Amino acid sequence: MIMQIIKKQFLLLWRNPMQLLLLIGLPIILILILGFALSNFMDGESPEIQAKIAIIEHNSEMEQFDQFIHEMNKETGFNKRNIASMEKSLPIQTLKSLFHSKKLAKMIEVKETSVSKKDEILNDNTYTAVIEVPEDFTYKYLFHIMLNDGEIPQLRVIGNEQQQIGVDVIQSIIENFQQQLTLGAFIKKNGINEQALVIPDSLFTNTRTTIDQNKAVTSKDYYTVGMAVMNALFIASTIGTIAFKEKQTFVFNRIILANMSRWIYFSGVLFSTVIFASIQLLVIYGFAWFVFDVTWSNLFAFFIITVSLSIAISGIAVLLTAISYQIRSETITNFFSSAIVSIMALIGGSFFPIGDSSEFVRVIGNFTPNGAGMSAYLSILRGNALTDVITPILYLCFFGVTMIIIAALTFPKRREMV
């Protein structure tokens, strides 16, 4: 008779294509959206940036350099080696070389222009930022470095608010560049040997140790698991809703009047949820394997986790059924699907790894069935063995059995049924 109950539940679900689409299609769509949209963030990749900057100099750096050398030669004199060294380390020349380096040249396009075109460039939205070099910038810088007089001049950066990420990158580069200029000035001013700041390699041993050889989890891996365990919770509310509808339409009453034990119906709801949740998870993971190449190196552990999670989901389903029968309303089932699932998904880490920011949240998340299931799945994806996920598996089974016992105690007695 239990098989007949399971078959009946299956047919009711099969005849509701919209519900099937939500249970199977929705998680697949979410995996596609989140997997692609957040791939840079989850995979630790830098966002692709294409910036265009203009460098405006009020006067030529070489002219300022020649002026400084000419004035200093009158007073103290420089040998040719010092002049050559200074010429190679001119600040604006160094900055331009930095932007033209192999790494930055792929992201940043540099245009050098005159002061007369400043207004035109500022009105051109294709430019990410404008770097304005004040008048006599290099002359003042050399004067400060060589004679310890005056302050280091500052570059002016004008950013395009419509390209804020690019502006932040340019600003960071300029700030780092000016810090290097300040450090160089400090070294010169205090007569510090630059070689003294270099730590010799002989102080360190050359031993290299690998601390983590596990497979990295990509964004597609993460969101496949996250969306699968989250949407598995909707199986519980779906089965609970079907069971309550059967009471409203007197189907359940006829089953009881046919002298069938209430525990047969209870078991039918329980086992049908285990089967449906397992099928849903396998379909979602099958799609992810086919489209995203999300593979499981330990299939035995994968199936054990899937069954354990399905048991936990079935416990929730029979508890929702028992409570809705007891209070004669599907309010609790609707509340679970609309609010509780979202909260559990957030805490369990389905949307993003919230546990990485707080150990307390991580612990709470692992006490939810979806959070425990997600931790176990991700551990297997990283290449860990079944023994490494025994704790979450046992917890899922314990959670499911506890919910089943509470549901059995809550399920109305036969005389309260009809």
Side-chain angles (χ1 to χ4, degrees), residues 1-2 4-6 8-10 12-13 16 19 22-23 229-258 260-278 280-281 308-348 350 364-365 367-373 395-418:
M1 293 301 295
I2 293 177
Q4 295 300 319
I5 299 295
I6 294 175
K8 175 182 64 63
Q9 300 284 63
F10 174 80
L12 288 172
L13 194 58
N16 191 341
Q19 191 67 49
L22 289 175
L23 291 174
V229 298
M230 180 187 79
N231 284 274
L233 296 171
F234 287 113
I235 287 287
S237 60
T238 299
I239 297 299
T241 299
I242 291 175
F244 186 77
K245 293 295 183 184
E246 289 182 329
K247 182 171 177 60
Q248 283 186 319
T249 55
F250 304 107
V251 172
F252 178 76
N253 299 56
R254 290 196 290 271
I255 292 174
I256 298 301
L257 291 174
M260 182 184 294
S261 170
R262 62 194 176 109
W263 298 118
I264 292 179
Y265 183 81
F266 183 91
S267 300
V269 173
L270 176 67
F271 290 119
S272 63
T273 306
V274 174
I275 294 172
F276 294 158
S278 298
Q280 181 201 37
L281 290 168
S308 301
L309 179 59
S310 299
I311 292 172
I313 298 299
S314 68
I316 298 175
V318 291
L319 181 60
L320 291 174
T321 301
I323 295 175
S324 61
Y325 272 34
Q326 192 69 254
I327 65 176
R328 301 177 186 274
S329 171
E330 59 178 335
T331 302
I332 184 66
T333 304
N334 293 335
F335 179 71
F336 176 82
S337 62
S338 61
I340 301 300
V341 170
S342 299
I343 295 172
M344 293 173 70
L346 176 64
I347 297 175
S350 290
I364 296 299
F367 277 106
T368 63
N370 55 301
Y395 173 74
L396 287 170
C397 295
F398 173 77
F399 179 90
V401 171
T402 302
M403 294 297 104
I404 292 169
I405 293 173
I406 296 174
L409 296 174
T410 310
F411 206 64
K413 294 180 176 59
R414 184 180 180 86
R415 63 177 177 270
E416 299 173 346
M417 293 291 188
V418 182

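Residues take their numbers from the sequence shown, with the count starting at 1. Just so we're clear, the structure is a prediction, and the values are computed from it rather than from any experiment.
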As an exercise, state the distance from CG of Leu320 to CD1 of Ile340, rounded to the nearest 0.5 Å. 10.0 Å
Short side-chain donor-acceptor distance under 3.5 Å, Thr333 and Ser324: no
Ring-ring centroid check Tyr395 Phe367, cutoff 6.0 Å: yes
Straight-line distance of Phe399 CZ to Leu309 CG, nearest 0.5 Å: 10.0 Å
Is any side-chain heavy atom of Val318 less than 4.5 Å from a side-chain heavy atom of Thr273? no
Between Leu233 and Phe336, which heavy-atom pair has the shortest distance, and what is it? O-CE2, 3.5 Å
Could you measure the distance from the OG atom of Ser314 to the CD1 atom of Ile235? Nearest 0.5 Å is fine. 11.5 Å
Apply side chain to side chain contact (heavy atoms under 4.5 Å, CB included) to Phe271 and list each qualifying residue two or more places apart in sequence or on a separate chain. Ile2, Ile6, Ser267
Can you name the nearest heavy-atom pair linking Ala236 to Ile313, along with the distance? CB-O, 3.7 Å
Supply the atom-to-atom distance Leu281 CG to Ser310 OG, rounded to the nearest 0.5 angstrom. 5.0 Å
To check you understand the geometry: which heavy-atom pair defines the closest contact between Ser308 and Leu396, and what is its length? O-CB, 3.7 Å
Heavy-atom distance under 4.5 Å between the side chains of Leu270 and Ile404, does that happen here? yes
Indicate yes or no: at least one non-hydrogen side-chain atom of Pro369 is less than 4.5 angstrom from one of Ile316. yes
Can you check whether Phe276 reaches Thr238 side chain to side chain, under 4.5 Å on heavy atoms? no
Looking at every heavy atom in both Phe266 and Ala408, which two are closest together, and how far apart are they? CZ-N, 3.9 Å
Side chains of Val341 and Ser237: does their closest heavy-atom pair fall under 4.5 Å? no
I need the minimum non-hydrogen distance between Gly348 and Thr368, along with the two atoms involved. CA-OG1, 4.0 Å
If I take atom CG from residue Leu409 and atom CD1 from residue Ile406, how far apart are they, to the nearest 0.5 angstrom? 8.0 Å
Separation of Ile332 CD1 from Gln326 CD (nearest 0.5 Å): 13.0 Å
Give a yes or no on whether the backbone of Asn231 and the side-chain of Gln280 come within a donor-acceptor separation of less than 3.5 Å. yes
Spell out, as yes or no, whether a donor-acceptor pair under 3.5 Å connects the side chain of Asn370 to the backbone of Met344. yes
